[in-house]
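On a predicted model such as this, the values are computed, not experimentally measured, just so you know. Side chains included, hydrogens not; waters and symmetry mates left out as well; all remaining heavy atoms used. Every chain is numbered from 1, with letters handed out A, B, ... down the list of sequences.
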Amino acid sequence: MKPAFKPLPREFFSRDPRTVSREVLGKVLVRKNRRNPLVARIVEVEAYLGADDAAAHAASGRTARNAVLFGPPGHAYIYFIYGNHYCLNVSCMPDRIPGCILVRALEPLEGMDEMATLRGITLDGTKNLKLLTRGPGRLAEAFGITREQDNGKDLTSAKSDLYIADDGAPPPEVAITKRIGITKSADLPLRYIIAGNNFVSAPRKLA
DNA sequence: TACATGATGCCCT
DNA sequence: GGGCATCATGTAG
């Protein structure tokens, strides 16, 4: 593991989710409470705007489930979907304003063996590497993320066992498309991907 | 208390 | 390419 993964400051997330989405691409997600650190680069995210975004969980106001979105920025909002899958979101915007980003795909950098174990698959070749962290449900499983353990966790502190950091990589080229898997406000161009990256969850037309 | 539904992934064809 | 598992949450009654 490279030295000094520096966590992003809370102010980074205290902004419009669209700005955060664009700038968080190329940063790394770090998981520490394992035998070995798990590290993967963020290559695909979506922005959810809050009150004015019909597709956002926060659109209909604060509930027990989405309370984290209404709290301070830089915290993990984990929810369970389709009876099988967890998804990792990061709260954005200042306290009480419910923006967020959804992390949709990662490029594994370190700890692939353990990710494979968590996913319940074997790594036969480079092809299977994509199966580790491509898609919101998959990456959550590969990082051992559950609502019980990780919901509300501070992602801006290296003391946290789950956080987002800058590893010094140069900013990538960003492409923008429509969001995936939603029915409301489905045409808005709020999905941000690293252009040409092989680990994004699905090829889509540019918006 | 009951019901409809979803920011998905897997397996079968 | 399409159907389906599977359940927490929110909303209605």
My validator wants the stems of DNA chain C: runs of 3 or more consecutive Watson-Crick or G-U pairs, both distances under 3.5 Å, written as range with range.
B:1-6 with C:7-12, B:8-12 with C:1-5

Just to confirm, is there a sub-4.0 Å distance from OP1 or OP2 of B:dT8 to any side-chain nitrogen or oxygen of A:S201?
no

Spacing of A:I78 atom CD1 relative to C:dT9 atom C1', expressed in whole Å:
16 Å

I'd like a table of atom pairs between the protein and nucleotides 11-13 of chain B - only N or O on both sides, under 3.5 Å - with the distance next to each one.
none

Cationic N near anionic O, under 4.0 Å, A:K178 to A:D187:
yes

Heavy-atom side-chain proximity of A:L8 to A:D166 below 4.5 angstrom
yes

salt_bridge(A:D16, A:R22) N-O dist < 4.0 Å:
no

Decide whether a cation-pi geometry holds between A:R65 and A:Y77; the criteria are a distance under 6.0 Å from NZ or CZ to the six-membered ring centre and an angle within 45° of the ring axis.
no

Please report the distance, rounded to the nearest Å, between CD in A:E141 and P in B:dT8.
15 Å

State which of B:dT8, C:dT11, C:dG10 makes the closest approach to the side chain of A:S60.
C:dT11

Are OP1 or OP2 of B:dG9 and a side-chain N or O of A:R134 less than 4.0 angstrom apart?
no

Calculate the interatomic distance between A:R104 atom CZ and B:dA7 atom C1'; express it in whole Å.
7 Å

Between A:Y192 (OH) and B:dA7 (C1'), how many Å, whole number?
16 Å

Most 5' of A:N66 and A:I81 on DNA chain C, judged by nearest nucleotide:
A:I81

Figure out the CD1/P separation between A:I145 and B:dA7, and round it to whole Å.
18 Å

Within a strict 4.5 Å, meaning less than it, do heavy atoms of the A:L29 and A:V39 side chains meet?
no

So do A:I101 and A:N89 actually touch side chain to side chain, heavy atoms under 4.5 Å?
no

Measure from the side chain of A:H57, starting at C-beta and using heavy atoms only, and say which of C:dT9, B:dG9, B:dA7 lies closest.
B:dA7

Atom CG of A:L69 and atom P of C:dT9: how far apart are they, to the nearest Å?
14 Å

Judged by modelled atom types alone, do A:E23 and A:Y192 share a side-chain donor-acceptor pair under 3.5 Å?
no

Phosphate oxygens OP1/OP2 of B:dG9: is one of them under 4.0 Å from a side-chain N or O of A:R119?
no

Identify which nucleotide among B:dC10, C:dC7, C:dT11 has an atom closest to any side-chain atom of A:F80, counting heavy atoms from C-beta outward.
C:dC7

Side chains of A:Y86 and A:E148: closer than 4.5 Å at any heavy-atom pair?
yes

B:dA7, C:dG10, B:dG9: which one has an atom nearest the side-chain heavy atoms of A:Y48?
B:dA7

Closest heavy-atom pair and its distance - A:L38, A:R34:
CD1-CG, 4.1 Å

Whole-Å gap separating P (B:dG9) and CG (A:L139):
8 Å

N/O donor-acceptor pair, side chain A:Y79 with base C:dA8, under 3.5 angstrom:
no

I want to check something: taking the side chain as every heavy atom from C-beta on, are A:R41 and A:F199 in contact at a cut-off of under 4.5 Å?
no

Check whether any side-chain N or O of A:R138 sits under 4.0 Å from OP1 or OP2 of B:dC10, and answer yes or no.
yes

Mind calculating the distance between CD1 (A:I182) and C1' (B:dA7) to the nearest angstrom?
7 Å

Tell me, please, which residues at least two apart from A:T156 pass side-chain hydrogen bond (donor to acceptor under 3.5 Å, both in side chains).
A:R10, A:D154

By side-chain contact (heavy atoms from CB on, under 4.5 Å), A:M93 pairs with (sequence neighbours left out) A:P17, A:I97

What residue pairs, at least two apart or across chains, pass salt bridge (Lys or Arg N to Asp or Glu O under 4.0 Å) with a residue in residues 83-109 of chain A?
A:E44-A:R104, A:E46-A:R104

Which atom pairs link the protein and nucleotides 1-5 of chain C when you take only N or O atoms and keep those under 3.5 Å?
residue, atom, partner, partner atom, Å
C:dA5, N3, A:N84, ND2, 3.2

